[in-house]
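Below is one structure, written out as structure tokens; the observations come after it.
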Amino acid sequence: MPERAQPKPQPRHGAENAQEPPSCQATGGGGAEARGPGRHQAGQRLGLPDPQLCASPLQHGQGPSHGRGNQRHHRRAGGRAEPLRARLPAGSCPQPAPRRQVKGPDMSTPEEAGSRLSPVLQQRLEKLDRLRELGVEPWPVGFARDTRVAEMLAAFDELKESGRGFTLAGRLTALRRMGKATFAELMDGGEKVQLYIQRDGVGADTYDVFKLFDIGDIIGVEGKAFTTRSGEMSVEVRAIQLLSKNLHPLPASKEKDGQVFDEFSDKDQRYRQRYVDLLVNPSTRTVFEQRSRIVSAIRRHLEGQGYLEVETPVLQPIYGGAAARPFVTHHNALDMKLYLRIANELYLKRLVVGGFDRIFEFARDFRNEGMDRFHNPEFTQMECYAAYQDYQDMMVLVENLISGLAVELHGSTRVMLKGHEVELAAPWRRATMMDLLREATGADLLDMDEAALRALAKRLHVEVEANDGWARLVDTLFGELVEPKLIQPTFVCDYPREMSPLARRHRQDPRLVERFEAVVAGKELCNSFTELNDPIDQRQRFLDQQALIQRGDDEAHPLDEDFLRALETGMPPTAGLGLGIDRLVMLLTGAESIRDVIFFPTMRPQA
RNA sequence: GCUCCAAUAGCUCAAUCGGUAGAGCAGCUGACUCUUAAUCAGUUGGUUCGGGGUUCAAGUCCCUGUUGGAGCACCA
């Protein structure tokens with residue numbers, strides 16, 4: 001379904017903020033005056049005065065400031081590099097807390113009015129008041145963290161031996177309070193460490209403040225390494241400071257010996273509030289870390305082979321490079337229809353014409369089609385092109401690339417994928433599509449006409465569409481009978497010509513094109529061909545596609561005259577490859593749904 | 001687009017044949033200075049996804065809408 005044109009460019013919040021003077025000027029630590037549009041969202045939603053008004057980074061180190069809030073801020077800002085202890089409220093800090101005169105629906109925004117705050121949120125808001133009464137700013141600027149939790153754990157023995165102090169920052173993920181002492185857990189970058197906080201260690205006043213901390217708060221601590229009686233590497237905390245107050249409690253899942261209790265498992269909420277999912281489900285974080293490593297490794301591999309990373313248009317006047325329905329949008333100034341790309345292939349080939357012999361792009365592509373656990377409307381594909389190569393060369397690239405990724409991620413080319421043990425080490429099996437079909441059906445499909453294929457499909461109980469052409473029938477039979485059974489990596493070679501309007505005619509059989517798909521664990525991994533660089537042939541293929549459009553195929557390629565002109569200028573013999581990143585990540589991480597490998601998958605807006 | 005399933009406290013889940021909405025965790029109050037799903041005592045918290053219907057009575061049955069999941073279709 002075509003999207004309607006955007007009504008008018010709306011100013012974005014970020015841009016607005018950037019132009020605004022620091023919001024500190026608006027404050028005297030006061031209560032509930034109306035604020036500008038850039039105010040803190042939580043405060044806005046909760047109908048609260050903005051606690052950040054006193055904390056503009058631009059104030060830092062700048063001339064005299066005004067107002068109570070600024071005084072407090074200044075005292076803290078000066079302490080950025082000082083020992084933490086010096087910055088903690090010493091009880092001698094008669095900072096009048098800004099008080100919330102009224103709370104609840106009365107001060108809410110119109111949308112919020114009438115909806116009640118949950119009791120838990122109510123309590124968190126009251127804690128904010130109490131913190132401020134103790135002179136604690138719930139959202140202070142900066143923190144002089146000098147050690148990451150992972151570093152600290154790695155260097156634990158040395159740190160313990162030397163007794164050297166360090167500072168850590170992160171999120172509180174557990175609290176085990178025992179009166180005048182507390183064990184807590186601090187999470188930083190997916191790594192957790194236990195904290196031990198004693199009243200006598202941090203001081204009674206600080207300990208009172210600490211009692212107002214919750215799971216989910218972000219804190220900074222200063223301390224030193226020590227080992228508990230039960231042998232757990234821990235931090236004996238000497239000073240502790242609130243860095244960001246949590247208002248929405250994190251899901252109360254707990255974990256012991258790898259077993260998770262009350263896991264945050266509602267998929268809807270996990271996708272919509274991915275930040276929560278990432279905080280409480282370590283495996284979610286791991287998947288995305290692996291995704292990043294995969295992308296990074298591909299980039300390194302290609303660059304190592306002399307490929308240049310390029311960028312090409314997402315907004316295209318004519319879409320192409322794949323068989324799919326596009327998203328449509330409108331450009332106001334040019335008053336023209338534009339399509340979000342379904343592929344970048346035609347642009348990358350223009351660059352090959354332009355003399356870039358080896359190029360690649362990680363392209364976000366958009367296809368206006370159904371969604372399921374293998375399809376998201378926007379997805380990422382890596383396409384690369386190499387002049388003076390053919391699809392045989394691309395097979396070598398792929399098998400080396402993927403086996404390298406397996407080693408990078410799993411330390412071995414032999415990996416478990418979808419319950420099968422798969423050997424990804426090069427070389428992979430090479431087989432033609434027709435040979436594989438002959439193995440499966442006993443028939444030579446290349447010699448069969450459309451009617452014979454239909455009869456075959458019927459005999460083998462494969463459902464086909466009434467208006468499917470010869471190539472489509474072959475493809476359907478292959479997808480049903482062969483592909484799911486290809487567990488070990490296989491290059492399926494030489495596809496029917498009419499299925500691949502951008503691929504070069506096979507050098508030995510004009511009914512075929514020089515194309516392969518790599519299939520692993522029953523799933524297609526990538527698609528590659530010797531590119532069609534004969535502009536006369538390419539024009540005829542486009543015309544054939546127009547015939548398909550006439551026949552009702554709304555995914556056939558539109559004719560791209562500008563692309564033809566590029567080919568007419570002369571493209572070297574070239575090989576190209578498209579690799580679906582999301583599915584690759586699914587395969588290598590064992591994710592069941594594409595939504596598990598995309599941070600923010602497309603979702604219907606909530607009612 | 002179609003079929004089936006699901007939605008109950010902040011989170012994970014109960015609730016018998018249609019008969020007073022519960023538990024654990026989180027939270028709150030108190031005790032506890034080596035705990036680790038901390039423990040112990042007390043306690044708050046509900047538009048049972050929205051709307052309609054049947055019924056003396058609906059979380060439960062019926063209709064409808066919303067969102068999600070699984071599958072089908074399409075596709076990568």
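On a predicted model such as this, the values are computed, not experimentally measured, just so you know. Order of the sequence lines sets the chain letters (A, B, ...), proteins ahead of strands, with each chain counted from 1.
Of the possible donor and acceptor atoms, one in the side chain of Arg595(A) sits under 3.5 Å from a partner among the backbone N and O of Thr602(A).
Counting atom types as modelled, Thr228(A) pairs a side-chain N or O with a base atom of U35(B) as donor and acceptor under 3.5 Å. Judged by atom type and distance alone, Asp262(A) reaches the base of G24(B) through a side-chain donor-acceptor pair under 3.5 Å. For Glu232(A) against U35(B), no side-chain N or O and base N or O form a donor-acceptor pair under 3.5 Å. Counting distance only, with no hydrogens placed and no angle test, the side-chain atoms of Asp257(A) and the base atoms of A37(B) include no donor-acceptor pair under 3.5 Å.
Phosphate contact (OP1/OP2 of G69(B), side-chain N/O of Arg595(A), threshold under 4.0 Å): present. A sub-4.0 Å separation between OP1 or OP2 of A37(B) and a side-chain N or O of Gln259(A) is absent. Look at Arg583(A) and you won't find any side-chain N or O under 4.0 angstrom from OP1 or OP2 of A76(B). Between Lys254(A) and A37(B) there is no side-chain N or O to OP1 or OP2 distance below 4.0 Å. Within the structure, every side-chain polar atom (N or O) of Arg229(A) is placed at least 4.0 Å from both OP1 and OP2 of C34(B).
Residue-level contact check: Arg604(A) touches the backbone only, with heavy atoms under 4.0 Å from sugar-phosphate atoms and none from bases. Among the atoms of the strands shown, none is found under 4.0 Å from any heavy atom of Asp582(A). Note on Asn376(A): a base of the nucleic acid sits closer than 4.0 angstrom, heavy atoms only.
Glycosidic conformation at C62(B) (O4'-C1'-N9-C4 for purines, O4'-C1'-N1-C2 for pyrimidines): anti, more than 90° from 0.
Ion pair Arg238(A)/Glu222(A) flagged as a salt bridge, since at least one NZ, NE, NH1 or NH2 atom sits closer than 4.0 Å to an Asp/Glu carboxylate oxygen. Ion pairing between Arg341(A) and Glu361(A) holds under the 4.0 Å rule for side-chain N and carboxylate O.
Side chain to side chain, Gln194(A) and Ser234(A) meet the donor-acceptor criterion of an N or O pair below 3.5 Å. Inspection of the Asp365(A) and Tyr319(A) side chains reveals no N or O donor paired with an N or O acceptor under 3.5 Å.
Residues from residues 272-284 of chain A that place a heavy atom under 4.0 Å from any atom of RNA chain B, listed by number: Arg272(A).
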Report, one line per pair, each donor and acceptor closer than 3.5 Å where one atom sits in a side chain of residues 207-217 of chain A; sequence neighbours left out.
unit_1: Tyr207(A); atom_1: OH; unit_2: Gly179(A); atom_2: O; d: 2.8
unit_1: Tyr207(A); atom_1: OH; unit_2: Ala181(A); atom_2: N; d: 3.2
unit_1: Tyr207(A); atom_1: OH; unit_2: Ala181(A); atom_2: O; d: 3.4
unit_1: Tyr207(A); atom_1: OH; unit_2: Thr182(A); atom_2: OG1; d: 2.8
unit_1: Asp214(A); atom_1: OD1; unit_2: Lys127(A); atom_2: NZ; d: 2.5
unit_1: Asp214(A); atom_1: OD2; unit_2: Arg124(A); atom_2: NE; d: 3.3
unit_1: Asp214(A); atom_1: OD2; unit_2: Lys127(A); atom_2: NZ; d: 3.0
unit_1: Asp214(A); atom_1: OD2; unit_2: Lys245(A); atom_2: NZ; d: 2.7
unit_1: Asp217(A); atom_1: OD1; unit_2: Lys245(A); atom_2: NZ; d: 3.2
unit_1: Asp217(A); atom_1: OD1; unit_2: Asn246(A); atom_2: N; d: 2.8
unit_1: Asp217(A); atom_1: OD2; unit_2: Asp214(A); atom_2: N; d: 2.8
unit_1: Asp217(A); atom_1: OD2; unit_2: Lys245(A); atom_2: NZ; d: 2.6

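Sparse packing is recorded around NZ of Lys485(A), with 12 or fewer heavy atoms of other residues, nucleotides or ligands lying under 6.0 Å away.
Residues passing the ring-ring contact (aromatic ring centres under 6.0 Å, His included) test with Phe288(A), sequence neighbours excluded: Phe599(A). Looking at residues two or more places apart in sequence or on another chain, you find a side-chain contact (heavy atoms from CB on, under 4.5 Å) between Phe600(A) and Arg274(A).
Considering only side-chain atoms of Pro251(A), the nucleotide from C11(B), G69(B), U67(B) that sits closest is C11(B).
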If you restrict it to nitrogen or oxygen atoms, what contacts under 3.5 Å exist between nucleotides 28-31 of chain B and the protein, and what is each distance?
unit_1: C28(B); atom_1: OP1; unit_2: Lys127(A); atom_2: NZ; d: 2.4
unit_1: C28(B); atom_1: O4'; unit_2: Gln123(A); atom_2: NE2; d: 3.4

Dot-bracket line, read 5' to 3' along RNA chain B, where crossing pairs take [ ] and | marks a partner on another strand, Watson-Crick or G-U under 3.5 Å: (((((((..((((.....[..)))).(((((.......))))).....(((((..]....))))))))))))....
